[in-house]
Structure formats: C-alpha cells, structure tokens
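Presented below is the structure to which this report refers.
Predicted model only: the values in this text are computed from it and were never measured.
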Amino acid sequence: KLCKDNMFFISLQIKVFMRRFLLLSILFSLFFVVRSQDFRYGFFAGANLNTMKLADELYIHNDKENTDKLISLGFRAGFFGEYSINKHLGIQADLSFSQYGYRLINELEFIGENNSIIYDKKIERMSNDISLALMFKFYLLDKRVAIDIGLQPSYTCDMREFDEEKLMIDSLHVNFSTTILSVSIIHMKKDANYNAFNLSAIGGITCMLSDHFFFNARYVFGLTDIFVEEVVRFDEYDTYYTEAVNQLSRNRVVQLGFG
C-alpha cells in the first residue's frame, strides 16, 4: 500500500510538472511571437453609423412610404492581433464591443380650415454586441495600406428600445401638446423575439498614419436576421400552434475607427 501511495504521489507530481512546463512553453512562445516583426497588436475605438435592412411590417404603423429611416450612431471599441504571412498577405482577428441599430421617424399631419393636428412617432433600437472579426489582409504600398475582407460573428447581449410619441393640436380654441416616452431593455437570453447570434460579412481599408497609429473604415453587411416574429400556424387537424419566423432585419453599418 505504501508503495502504491508513493507511485501515486510521484505520478501526480509528474502531471503537475508537465502542466507547468506546458504553460511556460506557451507563455514563452507567445512572448517570442509578440516580439516578432510579423506580429502586431493594439487597441482601437470609433463609431458605428448604423442603419438596417427591414421588412415592411417593422416600419412604424407598417407605413414604409411615410416613415424615414435615419442613421443611428453607435460606439465601438476593442483590441486586435495581426500576423503578416508575407509582404502581401496577413490575417487579423479583433474582438470588440459594438452598438448596432436603427432609427425611424413617422409624422402625420392633418390640416383643416381652423386647426391642425400633428402626430409624431419615433422609434430607436440599439443593441450591445460582442463581435469577433476574422479577416484576411491584402497589403499595398509597403504595408502602409491594407484591404480587409472577412466574416464577423456577433453575440447580442441586450437590446435597448426607445419609443417616443408626440401629439400636437393647434386650433382657434385649443392648443394642446403631449409627449409619451418609453424606454425598455431586453435581455437576449430571456426573449424569444430576437436572435442573439448573427453573422456578417465585412470589408474595408486600413491606412497606417505612422508606425503606431492607423485609421480604418469598414462596411458590415449582415447575413442573418435579428428580429423574430411569432406566427400562428394550423396543422392538418386545424389545431393552431405558433412558430418563430425570422423577419427581414439585417445590419448595414459603416464603421470608422482609430487605433
């Protein structure tokens, strides 16, 4: 029994040593890779100029003709690692926090002989996403400029909804104005009306301003829908059931950033 205990203790020590050796090997490898001229890393921050491709029923009052879709401004920041395979080709991965969304405004105006009624409704949807961009980089002008092309999976942490309704009545005898504002936060894990995971294609350009600073511009082309609609279906026995169906709602984003 004593011999078995000793053997168990020795094997345990060997396993601990091997794990530490492996960890140190990985750390040393990362150290030499980071010091290599072929590897660069850094941080970036910038803005998202958001809009979204939407199904007609997602417009205010289902009225696409009289609803204006405006640019919604979001924030973006994160860090990246870039490896140069050769002087013409590289790969990059960056992890970022990004805000995506859209903004709609619908205004109805009724004008009579002695009065006017204006009804104004605004909707804004803004999501907080964790995005992972995986890209190929095609270098130009001795690596001072790079064309970036790749894919970006994202996870939506929550969706913030801002709704505002305003009614204004102006007549000879009545002047009335009221505003209703509502704000709600939807957590994606608890809501079945949204797809938490989405995928986008990305493309853009990176320009080196100096050895340590760069500017980039990208376009994010959403490939998957974000909103889900519960649709009532009937089976062969005329029993109804609900089915989750994706609504056309895909990101269209211009990203501008410095790093």
Side-chain angles (χ1 to χ4, degrees), residues 18-52 71-101 126-158 188 196-224 226 250-259:
M18 291 301 295
R19 289 176 182 174
R20 291 178 179 177
F21 178 78
L22 181 60
L23 179 60
L24 287 175
S25 300
I26 294 173
L27 290 176
F28 275 114
S29 299
L30 290 175
F31 174 77
F32 285 113
V33 167
V34 168
R35 289 181 59 88
S36 170
Q37 293 181 354
D38 296 330
F39 183 82
R40 296 191 300 177
Y41 64 96
F43 300 89
F44 59 86
N48 287 340
L49 307 180
N50 300 304
T51 181
M52 190 177 286
I71 291 176
S72 177
L73 186 64
F75 175 73
R76 173 175 174 262
F79 58 91
F80 74 94
E82 175 188 339
Y83 179 74
S84 299
I85 299 174
N86 54 47
K87 64 179 182 179
H88 300 296
L89 180 65
I91 55 176
Q92 177 175 320
D94 62 53
L95 185 67
S96 66
F97 167 83
S98 285
Q99 294 178 314
Y100 301 118
M126 183 70 72
S127 66
N128 295 320
D129 286 33
I130 302 297
S131 300
L132 175 65
L134 305 171
M135 298 174 294
F136 286 103
K137 302 180 71 71
F138 301 93
Y139 300 119
L140 304 171
L141 303 177
D142 195 26
K143 294 188 177 182
R144 306 308 298 178
V145 177
I147 305 298
D148 307 325
I149 299 176
L151 292 175
Q152 177 176 276
S154 298
Y155 175 76
T156 302
C157 302
D158 60 56
M188 307 306 286
F197 288 95
N198 57 84
L199 181 67
S200 302
I202 54 175
I205 186 170
T206 299
C207 300
M208 295 300 299
L209 305 177
S210 70
D211 290 339
H212 300 287
F213 295 94
F214 65 87
F215 167 80
N216 64 13
R218 294 180 190 169
Y219 186 72
V220 179
F221 186 87
L223 301 175
T224 54
I226 296 172
R250 300 185 179 184
N251 281 322
R252 301 289 187 265
V253 185
V254 174
Q255 295 182 330
L256 304 174
F258 288 94

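A heavy-atom distance below 4.5 Å is not found between the side chains of Gln255 and Ile202. For the pair Arg76 and Arg218, the minimum side-chain heavy-atom distance is below 4.5 Å. Ile205 is not listed as a side-chain neighbour of Phe215, based on a closest heavy-atom distance of 4.5 Å or more. Between Asp94 and Phe44, the closest side-chain pair of non-hydrogen atoms falls below 4.5 Å. Between Thr206 and Val145 there is no side-chain heavy-atom pair separated by less than 4.5 Å.
Of the possible polar contacts, none joining the Gln92 side chain to the Met135 backbone as a donor-acceptor pair under 3.5 Å is found. Side chain of Asn48 to backbone of Asn50: no donor-acceptor contact under 3.5 angstrom is found. Not one N or O on the side chain of Arg250 forms a donor-acceptor pair closer than 3.5 Å with the backbone of Phe221.
Within 6.0 Å of the CZ atom in Phe138, the count of heavy atoms belonging to other residues, nucleotides or ligands exceeds 12. Heavy atoms of other residues, nucleotides or ligands lying less than 6.0 angstrom from OH of Tyr219 number more than 12.
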### Query
side chain to side chain contact (heavy atoms under 4.5 Å, CB included) between Leu151 and Leu134: does it pass, once the steps are laid out?
CA-CA 6 Å; Leu151 292 175; Leu134 305 171; 5.6 Å; no
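Looking at Asp129 and Ser127, their side chains do bring a donor and an acceptor atom within 3.5 Å of each other. For Tyr100 and Ser154, the side-chain atoms include no donor-acceptor pair closer than 3.5 Å.
A salt bridge between Asp211 and Arg144 is present, with a side-chain N of the basic residue lying under 4.0 Å from a carboxylate O of the acidic one.
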